[in-house]
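Scroll down for the structure; my scribbles are underneath it.
Numbering of residues begins at 1 and proceeds along the displayed sequence.
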Amino acid sequence: MHRTRRRLATVVLAPAAALAAWGVVRSIGVDLTVSTGSGTVGAADVVAAATVVSLLAWAVAAQLERRVHSPRRWWAFLTSAGLALSITGPTYLADGGSAVALIGLHFVTAAVVIAGLGGTLPWRGPATSEPVRA
């Protein structure tokens, strides 16, 4: 699949996967409540958040591709750090089953974004024309 098409597919699939996971969580009776905003995480919240994250991740992938020697290595580092940082929100803003379910939504979205966009990155980036200075 062409790189741009795969990246577009990732931006579409990440919110779809998050929404599907949200539907499963809601169908088993877990209320996704948080201590900010309206207090309830709805379908629109899930789709909006996953879409924004996917687009931002695309921008990061594009910059890594242009600027670093080993884009996939940097991608793995940055996305794992981003996922770790993202789960602090549900940890502090939700309790019990809501927190666990919201963290699960973060993992579902991250899995699609990391695999989808990461698969478009080369192992080696552009060769630098300038020597490395100590």
(request) Verify whether one side chain among R6 and T120 offers a donor that lies under 3.5 Å from an acceptor in the other. (result) no

(message) Working to the nearest 0.5 angstrom, can you tell me the gap between E65 CD and L117 CG?
(response) 10.5 Å

(request) Please report the shortest heavy-atom distance between T79 and A76, naming the atom on each side. (result) OG1-O, 3.5 Å

Could you list the donor-acceptor pairs under 3.5 angstrom formed between side-chain atoms of residues 12-22 and any protein atom two or more places apart in sequence or on another chain?
{"residue": "W22", "atom": "NE1", "partner": "V41", "partner atom": "O", "Å": "3.2"}

(message) Measuring only between side-chain heavy atoms, which start at C-beta, is L78 closer than 4.5 Å to L64?
(response) yes

(request) Would you confirm whether R73, through its side chain, and W123, through its main-chain N or O, come within 3.5 Å as a donor-acceptor pair? (result) no

(request) Find the distance between OG (S70) and CH2 (W75) and round it off to the nearest 0.5 Å. (result) 15.5 Å

(request) Look at the side-chain heavy atoms of Ile, Leu, Val, Met, Phe, Trp and Tyr, link any pair under 4.5 Å apart, and say whether L56 and V112 land in one connected group. (result) no

(message) Among D45, V24, L32, exactly one meets side chain to side chain contact (heavy atoms under 4.5 Å, CB included) together with L105. Which residue is that?
(response) L32

(message) Is any side-chain heavy atom of T91 closer than 4.5 Å to one of I103?
(response) yes

(message) Whether the side chain of S98 engages the backbone of T33 through a donor-acceptor N/O pair (distance < 3.5 Å, no angle test) should be reported.
(response) yes

(message) Applying a strict under-4.5 Å side-chain criterion to I, L, V, M, F, W and Y, I'd like to know whether V11 and V47 cluster together.
(response) no

(request) Check the hydrophobic clustering (I, L, V, M, F, W, Y; side-chain heavy atoms under 4.5 Å; chains of links allowed) and say if V60 and V68 are grouped together. (result) yes

(request) Could you check V53, V113, L8, T10 and say which one makes a side chain to side chain contact (heavy atoms under 4.5 Å, CB included) with W58? (result) L8

(message) Test of understanding: clusters of I, L, V, M, F, W, Y form through side-chain heavy atoms closer than 4.5 Å, transitively. Do I87 and V46 belong to the same one?
(response) no

(request) Check whether more than 12 heavy atoms from other residues, nucleotides or ligands sit under 6.0 Å from atom CH2 of W74, and answer yes or no. (result) no

(request) Nearest 0.5 Å please: distance from the CG atom of L93 over to the CG atom of L102. (result) 9.0 Å

(message) Under a 3.5 Å distance rule, please check whether R72 uses its side chain to pair with a backbone N or O of G119 as donor and acceptor.
(response) yes

